[in-house]
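Below, chains carry the letters A, B, ... as their sequence lines are ordered, and counting in each starts from 1. Model, not experiment: these values are computed from the prediction.
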2 protein chains.
Amino acid sequence: MTTDAGAPRARAAESGARRLPTVNDVARLAGVSKGTVSKVLNGRAGIATDTREQVESAARQLGYRPNLQALSLMEGRTGTVGLLTHDLEGRFCLPILMGAEDALGAGKLSVFLCDARGDAIREQYHLEALLARRVDGLIVVGDRAAPRASLGDLPVPVVYASGPSMNPDDTSVVPDDVQAGRAGADHLLSIGRRRIAYIGGDPSYPGAHRRAEGVTSLLSERGLELVVPPMLNAWTETWGLQAARQILAKRPDVDAIMCGNDQIARGVVDALREQGKSVPGDVAVLGHDNWETLVLAARPPLSSIDANYQRLGGKAAQLLFAAMSGSPEPGLHYIDSTVVPRESTLA
Amino acid sequence: MTTDAGAPRARAAESGARRLPTVNDVARLAGVSKGTVSKVLNGRAGIATDTREQVESAARQLGYRPNLQALSLMEGRTGTVGLLTHDLEGRFCLPILMGAEDALGAGKLSVFLCDARGDAIREQYHLEALLARRVDGLIVVGDRAAPRASLGDLPVPVVYASGPSMNPDDTSVVPDDVQAGRAGADHLLSIGRRRIAYIGGDPSYPGAHRRAEGVTSLLSERGLELVVPPMLNAWTETWGLQAARQILAKRPDVDAIMCGNDQIARGVVDALREQGKSVPGDVAVLGHDNWETLVLAARPPLSSIDANYQRLGGKAAQLLFAAMSGSPEPGLHYIDSTVVPRESTLA
DNA sequence: TTGTATGCGTTATCAA
DNA sequence: TTGATAACGCATACAA
C-alpha cells in the first residue's frame, strides 16, 4: 500500500502558512508513484517520455521545490556552515562573510550567521545551536586584539579567521601584518620619501606591533630607519593628531607618516593642516585598513593598506571546504595586504 | 526487532568527520529502546528513576545532541529564518541583524544570512536556496534609496526592514524620518537655537526629503523657519563642507546646522573651523545616524540622531514571529529615532 | 518502464 | 513502565 500523505500538520495549519508541495503531491497529480517522480526530477534514465512530461508539468504546476532538510537527513550532511563572529561593528566581518559566501555559494553551502558579541556564554549557546543543526563546518571570526582560545575538539572542522586560535594545530587565516608594514614602507620609498615616521594603534594588540615591525625591518634592509621610534598608543583620530604634533615638533623635516589605521591617518592630516604642511607635497600620509568611508572623505583622499578581508574570507571558506573533504591544512595561513594608492601619497 | 543503526554513512567516512551519536546509539548503550530515550531526554513523565539515570548517563557519555534537522522534518517547521540583505557596507544591516537575533534567539530561531549585493539574480538565487531549506520566514533588508519591489506571494511570511516594500499589503519596518527631523529640530530649539539651517543628502533618496520635512514642519509649528531652504545634494563630507560655506556666506548669523548624516556633519565642522567659528559656541552641529566611529572622532564629538536600527531589527523579528504564528500585521511600521546629545550641541 | 520498501533521526501513539 | 511502529520528505535499491 502506498504511504498516505496524511492530513496537513497541525503546526502548519496553525501558522496559516501554505503547506509546501512534496513528492507525494506531485506524484498524486501526475498519477504516478513517488519513486517515479524522484527519478524524473533527478534526471535518472529509463523513464517514458510522456511520463516524464506528466511529472514535470505537475511539478511546475505545484511549484514543487525539493526539501533540502529531508535530503540532508539522507546524505548525512546539511550543506550548511556556521559563521560565528565577535566583530560588533561588522567592519571586518562582512567582507569576510562576503568572501566566504562567494567561495561556498559555488558549492551550494548556506551560511548561519551568529554574533556572539565577545560574550563567552553567548558563544557557547550559539555553538550548541549550530552543532544541533548539524552544520558541516564552522568559521570563527575573532577580533584582532589577541589570539583566542581554541574551541577544542569539535565534531566538525573549524577555521579561525582574522583572530587566530591559540592552538597551532587548529586552522587559522590571518592578515599578514608584517608583510603589510613592509608593503607600506616600500610604497613610501618608491615615491621618494626617506624621512619616515610611524604612528601605530593600541599596543595591547599584537598586530599593532607587527605592522610597525614590518616597516622597520624593510627600512633597515634598505639601510634606513624611522626618524623617531614607532609610537603606539590607540586606534583613534585623537591619537593620530597628538602623535603627529609631537613628531612635527621633534622632526619638522619628516616627509612621510605611516599610520596603524585610517582613523589615525585622519588625525595626522588634521595636524598637518594645522601646521601649514601640505599633503602630500610636504608630507605623505599612508593609512591602514582602507576603510572607504573614512579614506575617501579625507582631504586629500588617503592612500591606505588594504588587508583584503574578502580574500581572507574566501581563503577561510576554501580551507574549511578542504577540511570538510578530509584534507585539513592546519596551522597559520597568511593573507597578503595591498597598498591602495590615492592622492595622499602621490609621487 | 529494533532498527539497526547500520554502518557509518559513506559521506561521513570520506570526510573524516566523526559520526554524531543518535538516539539509537544512546539507546544501545543504555540498554533501552529509542522511544524510552526520547521520553527521558524530553522530560516526559512515567519513567523509572534508574532507567532515567541510565539514559542520562549514556547520553552524557556519548555527548549526545538531538538532531534538529530530523526534528524539523517531523514538526513541519525548521526554526530558521532567512535574512536577505542588500546592504554592502553592513553599516545598517548588522545592527538590524543583532536586534533580530536577540528577538529570535529567545525563540530558538537561527538565522541564514544572504548578501545579494543589490543584484537581482543573486537575490533570486538566494531566495530559492532559502525556500529549499524551508525557512519559516524571511527578513529582507533593503537599502534606503527607494522602496523595493515586493517579492510577491511566497509560501512563508516576509518582513521588509529599512527599505520598505512597494506593496502596502506587505509588512515593512522603517525608520521614521519625519519624526527624526522633528526630534532633531526640537533638540536644537531646546538649547536655545533659533537661526537653523539644514544640509541634507542625496535628493534621490526619499528619506533625505522626509528628514528635511520633519525639521521644517516642527519649526513652522513653533512659528519659525529655516534661515535658508533645505539644501540636499549628497551624503558626503565634501558636500557638507561646500554647503556650510555657502550658508555662512549668506547667513553669517546662523546658530545651528542640522545635517542629513554624520559625514555631512563632519564636513560642516571643518567649514566652521575654517571660518573661525566655534562649535557649539557660535554654531551648534547635529549629525544623523550616530555612526560612532565618525561622531566620536570629530572635534568636538558630534551630537547625532540615532535611527535605532537594532530596535528596528527587533521589531522586524517580532512582526515576523507574529506572522509565522498566524497573526500578520501588514503595512508600514515606523521606528522612532532618538537624539544622542554630545558636545556639538551643548546648551 | 514503473512501483514498493527501506532508511536517514526524531517524536508520538499505542500496545504490551 | 517500556517497547515497537508509523510518520515527516526524500532517494535508491530492488521487485514487478
>> What verdict does the salt bridge (Lys or Arg N to Asp or Glu O under 4.0 Å) test give for Asp102(A) and Arg122(B), after you've listed the backbone C-alpha separation in whole Å, the side-chain angles of each residue and the deciding distance to 0.1 Å?
In response: CA-CA 11 Å; Asp102(A) 274 351; Arg122(B) 212 186 294 259; 3.6 Å; yes
> Which residue pairs pass the ring pair (Phe, Tyr, Trp, His ring centres under 6.0 Å) test when at least one of the two sits in residues 62-81 of chain A, sequence neighbours left out?
Replying inline: none
> Is Arg148(A) paired with Asp143(A) through a side-chain N to carboxylate O contact shorter than 4.0 Å?
Replying inline: no
> Between dG3(D), dA11(D), dG9(C), which one does the side chain of Ser38(A) approach most closely?
Replying inline: dA11(D)
> Taking for each residue the nucleotide of DNA chain D bearing the nearest heavy atom, is the 5' side occupied by Gly35(B) or by Tyr64(A)?
Replying inline: Gly35(B)
> Out of Val173(B), Thr171(B), Val159(B), which one pairs with Leu320(B) under the side-chain contact (heavy atoms from CB on, under 4.5 Å) rule?
Replying inline: Val159(B)
> Quick one, which residues of residues 45-63 of chain B touch DNA chain D with a heavy atom under 4.0 Å?
Replying inline: Gly46(B), Ile47(B), Ala48(B), Thr51(B)
>> Side chain of Lys39(B), heavy atoms from C-beta onward: which of dA6(D), dT13(C), dT12(D) has the nearest atom to it?
In response: dT13(C)
> In whole Å, what is the span from the CZ atom of Arg134(A) to the C1' atom of dG9(C)?
Replying inline: 9 Å
> Could you give the CD-to-C1' distance, from Gln69(B) to dC10(D), as a whole number of Å?
Replying inline: 13 Å
>> Rounded to the nearest 0.5 Å, what separates atom OG1 in Thr80(B) from atom CZ in Phe112(A)?
In response: 5.5 Å
> Checking salt bridge (Lys or Arg N to Asp or Glu O under 4.0 Å) for the pair Arg117(B)/Glu101(A): CA distance, chi angles, key distance, verdict?
Replying inline: CA-CA 12 Å; Arg117(B) 298 176 213 178; Glu101(A) 234 190 0; 3.7 Å; yes
>> Rounding to an integer number of Å, can you tell me how far Leu71(A) CG sits from dG7(C) P?
In response: 19 Å
> Does Arg44(A) place a side-chain N or O at less than 4.0 Å from the phosphate oxygens OP1/OP2 of dT12(D)?
Replying inline: yes
> Can you tell me how far P of dC8(D) sits from CG of Asp25(A), to the nearest Å?
Replying inline: 11 Å
>> Quick one, Arg19(A) with Thr22(A), criterion side-chain contact (heavy atoms from CB on, under 4.5 Å). Give me CA distance, side-chain angles, the key distance, then yes/no.
In response: CA-CA 9 Å; Arg19(A) 198 177 67 88; Thr22(A) 73; 3.7 Å; yes
>> Between Ser172(B) and Ser165(B) (side chain of the first, backbone of the second, donor and acceptor by atom type, cut-off under 3.5 Å), is there such a pair?
In response: yes
>> What is the distance, to the nearest angstrom, from the CE atom on Met74(B) to the C1' atom on dT5(D)?
In response: 12 Å
> Of all the nucleotides listed (dG9(C), dG9(D), dT2(D)), which has the minimum atom distance to the side chain of Asn67(A)?
Replying inline: dG9(D)
> For Phe321(B), does the CZ atom sit with more than 12 other heavy atoms under 6.0 Å from it, leaving out its own atoms?
Replying inline: no
> When the distance from NZ of Lys34(B) to P of dA12(C) is rounded to whole Å, what number comes out?
Replying inline: 13 Å
> How bent is the helix from dT1(C)-dA16(D) to dA16(C)-dT1(D), comparing axes over its five end pairs at each side, to the nearest 10°?
Replying inline: 60°
> Counting just side-chain N and O atoms, does Thr36(B) come under 4.0 Å of either OP1 or OP2 of dT2(D)?
Replying inline: no
>> Just the rounded figure in Å: distance from P of dT10(C) to CD of Glu75(B).
In response: 13 Å
> Closer to the 5' end of DNA chain D via nearest nucleotide, is it Val32(B) or Ala70(B)?
Replying inline: Val32(B)
> Over how many whole Å does the gap from Asn24(A) atom CG to dC8(D) atom P extend?
Replying inline: 8 Å
> Considering all heavy atoms of both residues, which atom of Pro21(B) and which atom of Arg134(A) are nearest to each other, and what is their separation?
Replying inline: O-NH2, 4.0 Å
